[in-house]
Every structure is written in C-alpha cells, then in structure tokens.
Amino acid sequence: MTVGIHAFGAYIPKARLQREVMARAYSWFNPSLASLGQGERAIANWDEDALTMAVEAARNALTPEQYTQIDGLYLASTSLPFQDRQNAGIAAEAMHLGNDLHTMDITGSQRAGTSALLTALQIAVGNQRNTLVIGGEKRQTKASSPLQLTSGDGGAALLVGPGEGVATLVGYATQSVDFVDHYRGQNQPFDYVWEERWVRDEGFLKIVPSAVRQALSNAHVAAAEIDHFCFPSPARRVADMLAKTLGISDSAVRDNLQGRTGETGSIHALLMLAHALEEATPGQLILIAGFGQGCDALLFRTTDQIVTRGPMKDVKQLLSAGYQDDNYHRYLAINDLVTIEQGLRAEVDKQTGLTTLYRNREMLLGLIGGRCEACDTLQYPKSNLCVNPDCGALNTQVAHSFSNMPCKVNSYTADRLTYSPDPPAYYGMVQFDEGGRAMLDFTDIFSDSELSVGQAMRLMFRVKDYDVTRGFRRYFWKAVPIDNAFDNNGKP
Amino acid sequence: MAKGIRDKVAILGMGCSKFGERWNDNAEDLMVESFSEALKDAGIEKDQIEAAWFSTAIEEQHVGKSGIPLAMALRLPYIPVTRVENFCASGSEAFRGAVYAVASGAADIALALGVEKLKDTGYGGLPQRSRGGLNDMYWSNMSAPGSFAQLASAYQAKHRVSKQDLKQAMAHISVKSHDNGAKNPKAHLRKPITEEQVLNAPMIAEPLGLFDCCGVSDGSACAIVTTPDIAAALGKKDLITVKALQLAVSNGTEVQHNSWDGSYFMTTRAASKRAYQEAGIDKPRTAIDLLEVHDCFSVTELVTMEDLYISPEGEAINDVRDGFYDSDGKVPCQIDGGLKCFGHPIGASGLRMLYEIYLQMQGRAGDRQRAHDPVLGLTHNLGGFPHQNVCSVVIVGQQGA
C-alpha cells in the first residue's frame with residue numbers, strides 16, 4: 001500500500017524576539033548566553049498557544065476540498081493547554097471537521113510530532129484513512145536559560161493518506177530508549193536539563209544513527225542518496241556530525257532554522273519537513289528524525305505533484321515576514337515570567353458555563369453563523385429571525401462558516417481602559433465582503449501597523465480569555481490585518 | 001398613531017443631590033437627599049405619593065435588586081415600587097413609568113427616583129463586569145469609551161473629515177461643558193479647561209482622550225409627577241408638562257447587518273422622530289430651546305446633534321465650532337455641565353437632565369440661567385454601545401406650548 005503526504009504547511013507567529021536583547025538582559029547572571037545571542041526566535045502572542053498555532057498551520061496547509069477528506073486528526077505537542085479535555089477535539093471543532101473523526105492528542109516526548117506522523121502513516125497503510133497531523137509548541141522556559149533562547153513557538157500540519165501524494169513514504173523505523181536528556185515532571189512548568197555534551201555524545205550520536213540506519217535498510221536506500229536531512233536539534237553541528245557518521249552528504253543537511261524561529265519543540269521536525277517539501281524537486285529523498293526517549297526516522301520521496309501542490313501559504317514567506325521584536329519585557333510579561341501589576345479590571349471572573357459553551361460550540365469555536373434561505377443575508381450569530389430589516393423571516397437560517405471569508409474594518413479603536421494582557425486592546429466592527437459583520441477583537445497589531453477604515457482583515461483562531469482561577473481558557477476568532485508580505489505569499 | 005402623552009402629565013416637584021465622589025455616603029443617603037428636595041418643591045406629604053419607579057443600573061455595586069431599597073430608604077407606606085434598569089436610559093425609564101401611571105389614571109401622584117453609587121470599585125471609570133454568559137464568550141473586549149470611540153473612525157470615513165478637525169470640534173464640546181459645569185454648585189467637575197489640555201490629555205480609547213470622557217459619579221435625582229389639574233389644584237402656576245416620551249431599542253441591525261455604517265445612532269433617529277411627532281414639533285432646530293443629551297463622550301454629543309435633527313447630517317462640526325450649542329448660543333447643550341461635568345450616576349442621569357430643564361424653565365438656574373426662560377426642552381439618553389443600545393428622548397415644556 002502506497003501512502004504519502006497530501007498537504008503540508010506551517011505557522012510561525014509574527015513576532016521574532018531578537019536574541020541579542022535576551023542575552024544582554026541576563027549576561028550579568030550568565031555571561032555564556034552571549035554565545036547564543038544571535039538571530040531571532042519566534043514568539044507566540046499572548047493569545048496563542050500550541051493549539052491555536054496548530055490550527056493555523058492546518059489552515060495554511062489545506063485546500064478547501066481537503067477539509068472534506070479528513071478521517072482523523074492527531075494533535076502533537078508537549079505544551080497542550082488542557083491535560084484532560086481532548087485538545088485535538090477543540091481543533092476539529094475550530095475547523096468544523098464533523099463528528100465522524102478519529103481524534104487524538106499525542107504528547108509526552110520531544111518526538112511527539114514524528115510519532116504522530118508515523119502513526120498516521122501506519123493508519124493510512126492499514127485502514128486507507130486520511131489523517132491530518134497537526135502540532136504546535138509553546139514551551140515555558142526560565143529567564144536566563146539557554147532553552148529560552150534556542151527554543152521557538154510555532155505550528156506545523158501534514159495531511160497523510162493513501163496514494164503517492166506530494167511525497168511518498170519509502171521507509172521508516174522507530175526505537176524506544178529511556179534516555180533522559182531533560183524532563184518536565186507533573187505540575188512542573190519548566191524543563192530540567194542534563195549536560196549537553198552527554199546528550200550529544202550518548203544520545204544524538206548513538207540513538208539517532210541506529211534508527212536511521214534501520215529506516216534506510218528497510219527502504220533499501222543508501223545514506224548518500226538522501227537529498228534533504230531534517231534534524232531538529234538546535235545544538236550546533238549535531239546534524240553535521242550525524243550526517244558524517246551516517247554517510248549523508250554535507251549539502252543534504254538542512255537549516256534547522258535556529259537563526260529564524262528557534263527550535264519549535266516536538267513539532268520542529270515537522271516544521272522542517274514542511275520547509276523541505278516546499279523547496280524539494282520531484283524524485284528527491286527527504287529524511288526526518290525525531291529524537292526523544294528514542295528516535296523516529298522517516299524517509300519520503302517527492303513526486304511530480306510537489307511542483308504544483310504547495311501549501312496555501314508559503315513556509316518561506318512565513319519565515320521571512322516577521323516583526324523584529326526587541327521588547328524582552330513584553331515577552332516575559334505575556335508568558336507569566338514576571339509578576340506584572342494588571343490592575344483591578346483584570347479581576348473580572350472568567351468562569352465559562354460549560355453548558356453554554358457546548359450548546360454554542362459551533363458558533364464559538366467554528367465561527368458558524370447563519371444564511372437566511374429566504375433573502376440570502378449572511379449573519380452572525382445564527383438566530384431564529386433574520387436580521388435583514390426587509391426580511392425578518394422565521395426559522396430560515398442555515399449554518400454558514402465565516403472563518404475563511406474576506407472582511408474589512410468598518411470602525412475601530414485602540415483601548416487603554418479595558419484590561420488586556422498586551423494593551424492597548426484593539427477591536428472594531430469587521431464587515432464581511434459577502435455579508436455579515438461582527439464586533440471583534442483584533443490581534444497581532446504591532447507598532448508598525450496602521451489601521452484604517454476599509455483595511456482588509458482575515459480571521460484567526462485565538463485564546464479569548466484565560467480563567468486563571470480554574471485553569472480554563474476560552475477560544476474565539478479575532479481579526480488580523482492582512483499583511484501582504486505575510487499573507488499573500490509576497491504578492492500585493 | 002396613538003395620541004401620545006402631550007400635556008397629560010405635569011411635573012410637580014424635582015430634586016437632585018450633589019453629584020460627585022461621595023465617599024462618605026451610601027446610595028440611601030443620596031436618595032434621601034434628592035427626595036427631600038423634591039418633596040419640599042412639590043409641596044405635598046410623602047403619603048400622597050401612590051406609586052414609585054426606581055432606577056439603578058449597576059445595582060450589584062450598591063443597593064442590590066428590586067424596589068425594596070427605595071421603599072426602605074424613604075420609608076414609603078407599602079405602595080407599589082417598581083425597579084427599572086435599561087442601561088444609561090434607566091432614569092428616563094423610571095420617569096416614563098411614573099408619567100404613564102399618572103396618565104392612565106392608575107395613580108394621581110407618582111415618583112420617579114434614580115440613584116447610582118459607583119465610586120466603590122477601587123478604580124476610575126465604570127465597573128468592569130460580565131455582559132452575560134454567552135456574550136462574554138464572543139463579544140470583543142470592549143469598554144464604554146472603546147465602543148463609542150469607533151463613532152469617530154466611521155464618521156471621519158463617511159464625511160471625509162480629517163482627524164484634526166473632528167478632534168478639535170470634540171475638544172470644543174468638552175471645554176464648553178467644563179465652562180458650564182463650573183457654574184453649577186451641584187456638578188461633580190467644576191474646573192474650566194482649555195482646548196490645549198483636551199488635545200494633549202492621555203489617550204483612553206483612540207481618539208478619545210481623558211477629557212473626551214464624562215465623569216463617573218455618585219448621585220441621585222428624582223421627579224414627582226401628577227396631572228395638570230391636580231397640580232393646579234395644589235396651587236402650582238406656570239406648569240411644566242410632558243410633551244413626549246420615546247424609547248428606541250436596537251434589534252441587532254447595527255451589529256449584524258451591513259446597512260449601518262457605524263457613524264450615527266439608528267435608535268436616536270427613530271426615537272427623536274417619534275418624539276417630535278408626539279410633541280407636535282416640525283422644526284426641532286428652531287423649536288427646541290434647550291438640550292440635555294447623553295454626552296458620555298464628546299464624539300457622542302457631536303453625532304447626537306445630527307441624530308436629533310438639530311444639525312444637518314455631516315455639519316455638526318460647524319455648529320459646534322460656531323458656538324451654536326454653547327451656553328450663550330442658539331440651542332445650549334449641557335448648560336448644567338452635562339454627563340461630562342455634572343456627572344454620570346447612571347440610574348439618575350435621565351432625571352438629572354430633566355431637573356436642569358425644569359429649573360431653567362422656572363428661572364431658577366442661578367448663574368447658568370438663560371436670559372429668556374426656555375419653552376421647550378429635550379433630554380436624551382443612550383445606554384449600551386453605538387452598535388447595540390437603548391435610546392430615550394423626552395420633551396418637556398411650558399403648559400400649552
């Protein structure tokens with residue numbers, strides 16, 4: 001049974017924190033951080049988490065038709081928002097994939113991403129099912145820790161299923177070894193990390209070659225034939241050393257994106273794979289390896305379809321169109337790494353009625369509104385009586401999805417009175433080109449943005465509120481200004 | 001159309017507490033303060049009042065629910081007391097209840113009293129609170145200034161007005177209200193300000209700066225109403241009667257349908273049209289002598305001048321700059337300082353507006369008194385947000401006008 005990757009994409013948050021600023025802030029405590037103080041890392045906005053970034057990666061990957069072909073959804077991450085409420089189910093609701101769906105969270109190790117991909121491929125082989133593998137990572141890191149500089153936030157998505165696709169699976173291997181290079185215990189926010197020289201010599205350089213050799217052997221492929229080698233470790237020269245050990249050519253070793261995004265944890269191998277697929281030509285061999293208490297090694301060969309079927313939004317554009325952020329204090333504040341005076345307005349109770357949420361889940365998570373079958377007026381939310389003053393028909397509305405519709409700003413403000421973790425709070429009336437409107441929060445407004453009436457916007461799935469008392473968070477859709485460089489693959 | 005309320009009910013007495021940061025008073029103290037003045041003004045005994053309407057909007061911050069707090073504070077003799085809440089139109093809503101009771105013959109004399117005790121939150125501005133279980137899950141993270149501020153961006157886009165011109169007209173509005181408030185001993189804010197101060201003030205919600213926003217105050221106001229015949233029998237002369245009572249409430253068109261451009265109030269246009277019809281007014285710009293409008297923010301007052309059909313659409317900026325609405329202008333607006341400076345204890349505000357017009361029509365407005373006593377006056381309240389609100393328009397005037 002031939003199985004392959006049918007769609008791929010990534011999401012990288014727009015803000016890129018400058019490492020030089022981070023290293024300088026804590027050089028008084030740890031001067032060796034200076035050696036990591038180059039380039040930039042992607043940082044999630046305050047209203048993004050592993051789940052929202054995974055959803056956005058999927059939206060960047062899939063064509064509208066592909067949404068209807070999905071049988072399963074696996075969400076990979078080690079920084080999922082809920083420990084007991086299936087996170088993949090929230091993502092499925094956001095993308096309105098329906099209830100006939102096999103959903104699962106895959107977590108607990110830095111190879112969660114590759115393990116999710118491997119499992120989905122095995123399901124495709126065995127059951128001929130299409131599975132959307134998505135992942136996101138937003139790790140909590142301590143100030144002055146090397147991990148805070150080398151890690152990054154982001155998401156990736158791959159649709160796998162029967163058929164050759166854009167890249168066909170030609171072999172794989174997986175090995176389990178309880179090698180604890182780092183760990184994060186229950187109720188612990190931060191990683192506990194062991195000496196990196198040991199991790200390199202006994203971990204990367206011994207465990208990875210073993211799995212990769214087995215995968216190559218299974219595929220009857222020689223290491224020298226590999227065109228793209230994706231190895232996600234931020235540690236310097238490790239991928240080069242692995243290539244040398246394995247006999248992979250130097251030129252096949254891909255950029256680990258350390259200078260641009262940082263290592264996006266358990267999904268970084270998938271992010272690098274999406275990037276490699278975008279740059280690959282037909283007939284090329286791509287090897288990815290995921291490391292974490294063992295190793296997954298997967299080998300793909302691109303097909304002719306790779307030329308015509310790229311992602312909806314280019315990974316290259318996502319990588320290059322960032323906002324250079326040098327506000328390290330803001331990063332610390334929005335990640336709860338400093339205690340900030342939020343003011344009394346922040347104390348409003350954010351309890352969510354779970355009955356209310358369940359009853360309105362399509363409206364809230366999927367941004368499903370109504371279309372009146374009598375007059376065709378689109379409206380959000382869906383209601384019993386049509387809002388069109390010339391219609392007003394009863395019980396005529398059918399579900400209509402607003403999340404991918406083009407829209408524009410009708411009115412807006414920047415509010416410094418209301419509580420926001422990142423003031424001012426931008427919001428305004430957003431009007432959909434095909435009809436319908438809503439007063440929505442805006443997000444990803446950076447200091448170089450200029451809002452105006454008529455400005456084109458698009459919608460993103462984001463965290464609406466954090467209920468810190470109960471550990472719950474609410475999700476909803478927000479409007480983001482369309483940035484030509486970021487959103488239209490560079491085309492105006 | 002129904003015949004309406006015109007001249008069926010007269011104001012017998014009114015009272016208003018000092019507005020402001022009444023740190024040492026409870027809501028009950030404020031209620032007694034305004035009621036005592038009104039009872040004395042009406043010249044009746046408390047037990048002649050047969051029914052009462054009690055307005056307060058953010059009751060969880062002070063008195064709690066129901067009509068009981070009013071009955072207890074005033075020791076009312078087991079008469080009907082109805083508590084009403086309709087956002088910032090609550091005070092006008094209480095007045096409507098009392099006036100309708102008298103007009104229907106259900107009560108000879110009725111009381112409308114509003115109160116709000118807001119300065120117990122620990123911070124400036126209105127209390128931040130839930131907007132309802134489902135609303136909290138999808139409404140934008142908006143404050144009152146942030147929702148009204150959007151009038152500015154939409155108004156600029158529609159009428160092709162520069163940011164500077166609009167901001168300057170808004171500044172004129174605030175300076176004018178501070179000048180008026182300075183002459184009002186019951187006002188919360190009594191310091192004149194300059195246009196420069198307004199333009200350089202810290203930003204609250206773009207483009208509204210600190211001085212574009214009204215005060216948040218503690219206070220109470222009330223009215224005692226009866227029929228013109230009973231008022232005359234009680235010896236009252238030069239009666240002030242109710243000419244129109246209108247209310248318009250958003251049905252979702254503004255927030256859900258693309259027919260509204262965000263630059264004006266659909267509710268105010270609907271309510272004012274009906275009010276002029278009810279009062280028999282054809283040309284409001286020349287007929288109305290005095291305006292007390294819901295100037296929660298300077299930009300609200302500006303667009304309201306058009307929505308009340310006083311300024312032609314798109315030309316309020318010119319009228320404002322020409323001083324048309326100043327205290328010595330053709331139609332003074334907020335001659336008592338308005339919400340901006342008299343203050344805005346929500347449940348009392350509609351009644352406070354009537355109080356000023358009532359004083360002006362009787363020549364009792366002290367330093368603020370117009371040279372010629374006004375004949376017809378209009379009060380206007382807006383509750384909620386421009387895209388989803390309650391609007392009240394009340395017209396009162398000299399009997400027979």
Side-chain angles (χ1 to χ4, degrees), chain A residues 343-353 355-357 359-360 363-364 367 369 377-381 383 385 387-390 409-420 424-429 431-432 435-442 451-454 464-465 474-478, chain B residues 121-158 163 202-210 213 250-263 266 297 299 385-388:
Chain A
L344 270 58
R345 286 178 184 279
E347 293 173 9
V348 177
D349 192 358
K350 308 281 192 199
Q351 189 200 35
T352 296
T355 40
T356 319
L357 173 60
R359 195 164 61 238
N360 298 285
M363 163 196 163
L364 296 167
L367 203 70
T377 298
L378 300 181
Q379 48 210 287
Y380 184 88
S383 57
L385 290 150
V387 73
N388 178 0
D390 299 326
V409 172
N410 197 286
S411 62
Y412 66 93
T413 190
D415 190 335
R416 289 198 172 271
L417 182 68
T418 195
Y419 167 70
S420 166
Y426 291 90
Y427 51 89
M429 186 68 84
Q431 188 160 311
F432 295 94
R437 55 165 55 181
M439 183 70 77
L440 296 174
D441 288 320
F442 297 174
L451 286 169
S452 60
V453 172
K464 172 114 179 74
D465 288 303
R474 294 173 179 154
Y475 294 93
F476 191 56
W477 294 79
K478 297 185 184 179
Chain B
T121 55
Y123 51 83
L126 289 174
Q128 195 109 17
R129 59 198 192 283
S130 167
R131 267 97 188 223
L134 179 58
N135 294 338
D136 286 344
M137 294 188 209
Y138 79 101
W139 282 17
S140 67
N141 176 20
M142 63 189 171
S143 66
S147 66
F148 283 84
Q150 294 177 52
L151 289 164
S153 59
Y155 190 93
Q156 279 170 48
K158 183 180 190 180
K163 208 172 192 168
M203 199 55 81
I204 303 295
E206 276 176 34
L208 303 178
L210 182 66
C213 306
S250 293
N251 65 5
T253 302
E254 299 100 310
V255 70
Q256 283 184 287
H257 193 257
N258 291 348
S259 51
W260 180 62
D261 62 28
S263 72
M266 286 180 68
F297 304 99
V299 71
F385 315 100
H387 61 278
Q388 208 162 345

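Residue numbers start from 1 in every chain, and the chains themselves are labelled A, B, ... in the order their sequence lines are given, proteins ahead of strands.
N388(A) touches chain B through backbone and side chain together, each having a heavy atom under 4.5 Å away. If you measure heavy-atom distances from N410(A) to chain B, the contacts under 4.5 Å come from both the backbone and the side chain. Of the atoms belonging to R437(A), heavy atoms from both backbone and side chain fall under 4.5 Å from chain B. For Y380(A), the parts lying near chain B are the backbone and the side chain together; criterion is any non-hydrogen pair under 4.5 Å. Both the backbone and the side chain of V387(A) come within less than 4.5 Å of a heavy atom in chain B. A425(A) touches chain B through its side chain: at least one heavy atom from C-beta onward sits under 4.5 Å away, while N, CA, C and O do not. Contact of F442(A) with chain B is not made at all, since no heavy-atom distance falls under 4.5 Å. There is no contact between Y426(A) and chain B, counting heavy-atom distances below 4.5 Å. Only the side chain of L364(A) has a heavy atom closer than 4.5 Å to any heavy atom of chain B.
In terms of heavy-atom pairs under 4.5 angstrom with chain A, the leader among Q128(B), R129(B), Q156(B), M142(B) is Q128(B).
The aromatic rings of F385(B) and W139(B) lie perpendicular to each other, with more than 60° between the two planes, well past the 30° mark.
S411(A) meets the side chain to side chain donor-acceptor pair (under 3.5 Å) test with Q150(B); sequence neighbours excluded. For S383(A), the side chain to side chain donor-acceptor pair (under 3.5 Å) test picks out Q397(A), with sequence neighbours left out.
Two residues are said to be in side-chain contact when any heavy atoms from C-beta on lie closer than 4.5 Å; E347(A) and Y123(B) fail this criterion.
For the residue pair D415(A)/Y427(A), the side-chain donor-acceptor check at 3.5 Å is satisfied.
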